[in-house]
Amino acid sequence: MDADVIVVGAGLAGLVAAHELTSRGRRVALVDQENAANLGGQAFWSFGGLFLVDSPEQRRLGIKDSFDLAWNDWQGSAQFDRADDEDSWAVRWARAYVEFAAGEKRSWLAGHGISFVPTVGWAERGDLRADGHGNSVPRFHVAWGTGTGVVEPFVKYAKQAAKDGLLTFHHRHQVDELVLDDGAARGVRGTVLAPDDSARGVASNRDRIGDFELTAQAVVVTSGGIGANHEIVRRYWPERLGTPPAEMVTGVPAYVDGRMLDISAGAGVRLVNRDRMWHYTEGIQNWDPIWPGHGIRILPGPSSLWFDALGRRLPDPCLPGYDTLNTLKHLRTTEDIAGHDHSWFILTRKIVEKEFALSGSEQNPDITAKDRKAVLRDRLLGKGAPAPVQAFLDRGADFVIADTLDKLVEKMNGLTEKALLDVDTLRRQIQARDLQMANPYAKDSQVQGIRNARRYIGDRLGRVAGPHRVLDPEAGPLIAVKLHVLTRKTLGGIQTDLDSRALGTDGQPVEGLYAAGEVAGFGGGGVHGYNALEGTFLGGCLFSGRAAGRAAARQTG
């Protein structure tokens with residue numbers, strides 16, 4: 001055989017699985033359709049957020065967290081409703097993952113040299129119900145080095161294993177078929193692609209120059225999700241989220257194409273929860289794109305006012321940073337706006353300077369470079385917007401700036417084919433909200449949320465602007481941002497047991513076949529259920545990749 005184990009996909013889950021295997025002396029063939037520059041896959045480009053429960057970082061900031069609170073949040077968010085079928089393993093994976101996040105996860109990461117910035121972010125603040133979706137407390141721990149830093153140790157392990165003769169890279173090898181022998185996975189077949197020295201993330205050629213076949217005792221599929229394949233996104237777009245947008249921006253490189261899902265199904269593997277997916281509503285066009293349709297997600301603080309395409313303020317819980325899929329559902333199912341693919345933030349210079357962060361390793365150069373002084377200088381002590389945000393203010397196609405609301409709305413209407421916005425309608429809504437700022441209490445839920453956020457020191461110091469009137473000239477100029485749906489992840493995929501063994505259509509493990517990462521719904525075919533608590537995608541790749549590598553090592557021992 002060519003190896004003990006074949007790992008399909010050199011993203012984070014694949015690298016973790018390969019490390020678990022080679023550290024136990026197994027020979028690994030690591031197969032990927034991209035070149036060596038793309039080791040680490042999509043995770044390299046991420047912000048590096050990781051979901052941790054009752055961490056030292058939380059405790060230092062006065063955050064009281066626990067497994068019970070986190071598990072309650074997870075269940076309220078996941079809303080598992082297929083427990084006897086498609087969610088049967090996902091529920092078990094979910095509990096195991098929250099236990100991992102509340103226990104071994106942080107020390108395990110520290111053992112690989114991964115540490116965190118001192119502040120903890122509060123992502124997905126929820127649907128405003130204690131038993132519903134969302135994080136009750138801040139849990140979003142950003143790794144020093146962002147996603148690049150999370151990937152880095154596992155890339156080093158793979159390169160060292162290659163030097164030691166335990167791992168062979170098969171770059172530019174596109175898997176087209178899983179090879180089964182008497183019902184057991186024994187290899188892969190596919191296409192050898194022409195060499196391509198494109199930079200990381202840039203779309204590469206698909207020119208065929210040959211065929212290949214590799215054999216092994218086991219195969220681990222870690223090929224990622226569907227985010228760059230809009231055709232698949234639209235094919236499985238669920239009716240509960242209305243109609244898919246005609247135009248979307250893309251949050252992942254072109255190689256996140258979902259090919260291995262149907263290839264796995266063709267080998268008799270069971271795919272579940274394909275109608276569950278995670279796309280953001282705060283996407284913007286990248287002024288300096290790397291991959292086709294490259295979009296960036298704004299990670300908003302709670303103060304921007306959010307309006308639909310016709311200029312109506314979004315209802316609860318569709319608030320910035322609160323409930324991603326409820327917002328997507330509202331925008332895509334409300335009859336008179338579903339035909340429009342955009343919405344709007346309206347905010348002030350004061351808000352953008354304090355509250356705007358951009359997702360992605362390249363959009364956070366200070367954290368990616370692990371430059372602690374720069375983080376302190378630019379994010380906590382500095383004046384003005386962070387440099388990456390300022391670049392979008394200066395060059396972004398979706399940003400307009402004006403001193404008055406009349407001029408702002410005129411520019412906003414200039415970014416759409418028809419003038420859809422009425423300045424008086426917008427003014428009435430903004431003035432009504434501004435009247436709520438005169439007291440430390442209010443009936444407006446967003447104003448309540450702002451004041452609640454500022455009770456947490458991490459938000460008050462570095463994430464949430466001081467309460468102020470949007471139409472206060474001293475806080476200006478005014479800024480509007482045209483927001484697009486940004487494709488990102490599938491929440492379903494290959495159903496797996498707790499050893500990451502891929503299950504067949506009969507519900508039984510396919511001998512020698514494993515799956516991990518996004519292609520497996522981050523574990524069990526959908527560990528998140530319907531909603532993610534954020535910081536859980538990288539963690540899902542780490543946890544399921546680790547389980548797959550360890551189980552495959554036991555099988556091949």
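Residues that satisfy the ring-ring contact (aromatic ring centres under 6.0 Å, His included) test with Tyr97, not counting sequence neighbours, are Trp74, Phe543. In terms of the ring-ring contact (aromatic ring centres under 6.0 Å, His included) criterion, Tyr236 has no residue partners (sequence neighbours excluded). Every residue was checked against the side-chain hydrogen bond (donor to acceptor under 3.5 Å, both in side chains) condition with His170, not counting sequence neighbours, and none meets it. Listed by chain and number, the residues in a side-chain hydrogen bond (donor to acceptor under 3.5 Å, both in side chains) with Gln75 amount to none (sequence neighbours excluded).
For the pair Thr333 and Arg240, the tightest heavy-atom approach, listed with the atom from each and the gap, is CG2-O, 3.8 Å. The shortest heavy-atom contact between Leu538 and Ala43 is CD2-CB, 3.5 Å. Across every non-hydrogen atom of Leu214 and Asp2, the tightest pair is CA-OD2, 3.3 Å. Scanning both residues, Ala158 and Leu167, for their nearest heavy atoms gives O-CD2, 4.0 Å. For the residue pair Ile209 and Pro195, the shortest heavy atom distance occurs at CD1-CD, 4.0 Å. Heavy atoms only, all atoms of each residue included: Leu491 and Tyr530 are closest at CD1-O, 3.7 Å.
In this structure, a donor-acceptor pair under 3.5 Å is absent between the side chains of Gln58 and Asp54. Using a 3.5 Å distance cut-off with no hydrogens or angles, the side chains of Thr368 and Glu362 do not pair a donor with an acceptor. For the residue pair Thr334 and Arg332, no side-chain donor N or O sits within less than 3.5 Å of a side-chain acceptor on the partner. For the residue pair Asp176 and Thr191, a side-chain donor N or O sits within less than 3.5 Å of a side-chain acceptor on the partner. Side-chain contact, Arg234 with Asn229: no donor N or O sits under 3.5 Å from an acceptor N or O. Donor-acceptor pairing under 3.5 Å is recorded for the side chains of Ser55 and His141. The closest side-chain donor-acceptor pair between Asp73 and Ser136 falls under 3.5 angstrom. In summary, the side chains of Thr556 and Arg27 do not present any donor paired with an acceptor at a separation below 3.5 Å, with no hydrogens or angles considered. Side-chain contact check for Asn273 and Arg82: at least one donor-acceptor pair (N or O, by modelled atom type) lies under 3.5 Å.
Other residues, nucleotides and ligands contribute over 12 non-hydrogen atoms within 6.0 Å of the CD atom of Glu231.
Listed for the Arg26 side chain is a donor-acceptor partner under 3.5 Å among the backbone atoms of Ala553. In this structure, the side chain of Asp196 engages the main chain of Asn205 through a donor-acceptor pair within 3.5 Å.
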Atom pairs and distances, donor-acceptor, side-chain atoms in residues 510-524, under 3.5 Å, two or more places apart:
unit_1: Glu511; atom_1: OE2; unit_2: Arg186; atom_2: NH2; d: 3.1
unit_1: Tyr514; atom_1: OH; unit_2: Gln555; atom_2: OE1; d: 2.6
unit_1: Glu518; atom_1: OE2; unit_2: Thr490; atom_2: N; d: 3.0

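With salt bridges taken as basic N to acidic carboxylate O contacts below 4.0 Å, one links Arg139 and Asp65. Salt bridge annotation for Glu534-Arg488: absent, with no cationic side-chain nitrogen under 4.0 angstrom from a carboxylate oxygen. Asp262 has a carboxylate O that lies under 4.0 Å from a charged side-chain N of Arg235, or vice versa, which qualifies the two as a salt bridge. The existence of a salt bridge linking Arg106 and Glu57 is confirmed by a sub-4.0 Å separation between a basic side-chain nitrogen and an acidic carboxylate oxygen.
Pairs engaging residues 189-223 under the ring pair (Phe, Tyr, Trp, His ring centres under 6.0 Å) rule: His173-Phe212 [sequence neighbours left out].
Cation-pi contact between Arg501 and Trp89: absent, since separation from the ring centre below 6.0 Å together with deviation from the ring axis within 45° is not met.
Each of His112, Glu152, Glu20 was scored for a side-chain hydrogen bond (donor to acceptor under 3.5 Å, both in side chains) with Tyr157, with one residue passing: His112.
Separation of the His279 and Trp237 ring centroids falls under the 6.0 Å cut-off. Taking the six-membered ring for Trp and the full ring otherwise, Phe537 and His528 have centroids separated by under 6.0 Å.
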Item to complete: Could you check Gln363 against Asn286 for side chain to side chain contact (heavy atoms under 4.5 Å, CB included), going step by step and ending with a plain yes or no?
Response: CA-CA 10 Å; Gln363 299 297 331; Asn286 194 345; 4.2 Å; yes
